[in-house]
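Structure first, commentary second.
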Amino acid sequence: MPHHAPTSKTAEWRTRSLRHVWHPCTQMKRQASMPLLALSHGEGPWLVDMDGRRYLDGISSWWVNLFGHANARINAALNDQLARLPHAMLAGCTHAPAVELAERLSALTGAALDHCFYASDGASAVEIALKMSFHAWRNQGHPAKREFVCLRHGYHGETLGALGVTDVAVFRDAYGPLLRQAHVVASPDARAALPGEDADAVARRAAAELQTLLDARHAHIAAVIIEPLVQCAAGMAMHAPSYLRQVRELCDRYQAHLIADEIAVGCGRTGTFFASEQAGIWPDLLTLSKGITGGYLPLSLVLATDAIHATFYDDDVARGFLHSHSYTGNPLACRAALATLDIFEADDVLARNRRRAARLDAALAPLQAHHAVRHFRRTGMIWAFDVEAGPGFGQRYAAAALARGLLLRPIGHTVYLMPPYVLDNDTATWLARETLAALDDALEEH
Ligand SMILES: *Cc1c(COP(=O)(O)O)cnc(C)c1O
């Protein structure tokens, strides 16, 4: 049942969409009995539907939007680029947006990762990182290193290679027969703490399991892929930075690449521009997407060390990395990313987010004290809590929030906030109040 009476326009677009658009991550039959937002436009953190109703985008449109919808500065950069060069291929050609973005990202890593390979979606960046790792070992005379290690409940995208290093049953199981399944080791999720343990102790236990595997299989293992600090799709499972240092050390000792998938956690989401910075480490390969264009255009990229790049640099064509996508390095997408990096610099976004986060923490105190809330947690600009409730809670919560003008999509019994970096005080107060009110609505309805 739609939770708001659909008026004419919303109802019409909803019907047309369900008839011809196959929606992502959706059982279409179930969608037929659920609310579907028919959007007209966006303004800052707000989305506006065809009938003029406003919804706060509490999850940044699947974690991509950093500086609001229809941001004037990103729009201006895109309009300028639109008039110059919307697209050209990047093989045999280059252009300022692709060069400048690669330079600036390299600088942000202190030149630790100074080669940038462009793609389009997050999953394609993961495919690239996996292929690069295997191929780099092969180029060095170690073709047996062809297995990957991922974490329990880890998520790296939905293409076949990415699903092979993904441990989320609902996405993976149907395609099990098609996959080359990676080794799955314990997650350092701090919620797994035994009595008397802290997050660092959980991290040590998880790292010990990884060490056992590497000890036995390192001759066959090409890379370990992780989501640094927050396993987002797992339900915002957060862990101690010490885990990253231990994995870095194990990867060095056992000669495996460390792939940091920062598609969701990069671009300031955890409080630093890259999540890896909080552990004082750099991976061998780092994937970035989602927020990098400010949530405007599909762009992903893989940052690689000079050591990896050097294994491909040769007179022999076959030793090169011949991978490509048609829209690799799209100038519009790179330009949106440059505008996004400009905003980070001009507005001192990371410092401002620390103040924003402290204010939202304070506003969320009553929610944290709620009798049904467990494991209230935050890393940077990600808030999450688990709710003790009956089956179907997530759907009830999403509908209750939507009826209050708040767009949230719980993962199972975990409710999370991942707002754009443009919340003012009043909006943050409103967000905290409605998040709590929707919780009471959803618990009452049951
Ligand atoms: C979203 C996500 C991906 C996949 O990105 P797409 O653009 O959806 O293909 C990969 N890894 C992580 C950690 C993600 O959160």
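Just so you know, ligand 1 is whichever comes first in the structure, and atom 1 is the first atom listed for that ligand. Nothing here was measured: the structure is a model prediction, and the numbers come from that model. If you read the sequence from its start, that first residue is 1, and numbering goes on from there.
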Taking 4.0 angstrom as the limit and counting only heavy atoms of [X], give me the atoms of ligand 1 inside it, by number and element.
X: G157; answer: 4 (C), 10 (C)
X: D261; answer: 10 (C), 11 (N), 12 (C), 13 (C)
X: A264; answer: 15 (O)
X: G122; answer: 4 (C), 5 (O), 6 (P), 7 (O), 9 (O)

So how far is it from C232 SG to H153 NE2, rounded to the nearest 0.5 Å?
14.5 Å

For the atom pair CZ (F274) and CG (L229), what is the distance rounded to the nearest 0.5 Å?
13.5 Å

Using the side chain to side chain donor-acceptor pair (under 3.5 Å) rule, take T427 and D424 through it: C-alpha gap first, then chi angles, then the decisive distance, then the call.
CA-CA 5 Å; T427 313; D424 58 25; 2.4 Å; yes

Kindly assign one of parallel, tilted or perpendicular to the pair [X] and [Y], based on the angle between their ring planes and the thresholds 30° and 60°.
X: F344; Y: Y421; value: perpendicular
X: H309; Y: H115; value: parallel
X: Y243; Y: H239; value: perpendicular

Is the contact between K290 and ligand 1 made by the side chain, the backbone, both, or neither, using heavy atoms and a 4.0 Å cut-off?
side chain

With a heavy-atom distance limit of 4.0 Å, tell me whether Y155 approaches ligand 1 through its side chain, its backbone, both, or neither.
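It is both backbone and side chain that touch ligand 1.
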
Hey, does W63 sit under 4.0 Å from ligand 1 if you only count heavy atoms?
yes

Looking at ligand 1, does any of its N/O atoms fall within less than 3.5 Å of an N/O of A123?
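Yes, there is a polar N/O contact under 3.5 Å.
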
Measuring to protein heavy atoms, does anything land under 4.0 Å from atom 15 (O) of ligand 1?
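So atom 15 (O) of ligand 1 has protein heavy-atom neighbours under 4.0 Å.
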
Answer yes or no: does atom CH2 of W13 have more than 12 heavy-atom neighbours from other residues, nucleotides or ligands under 6.0 Å?
no

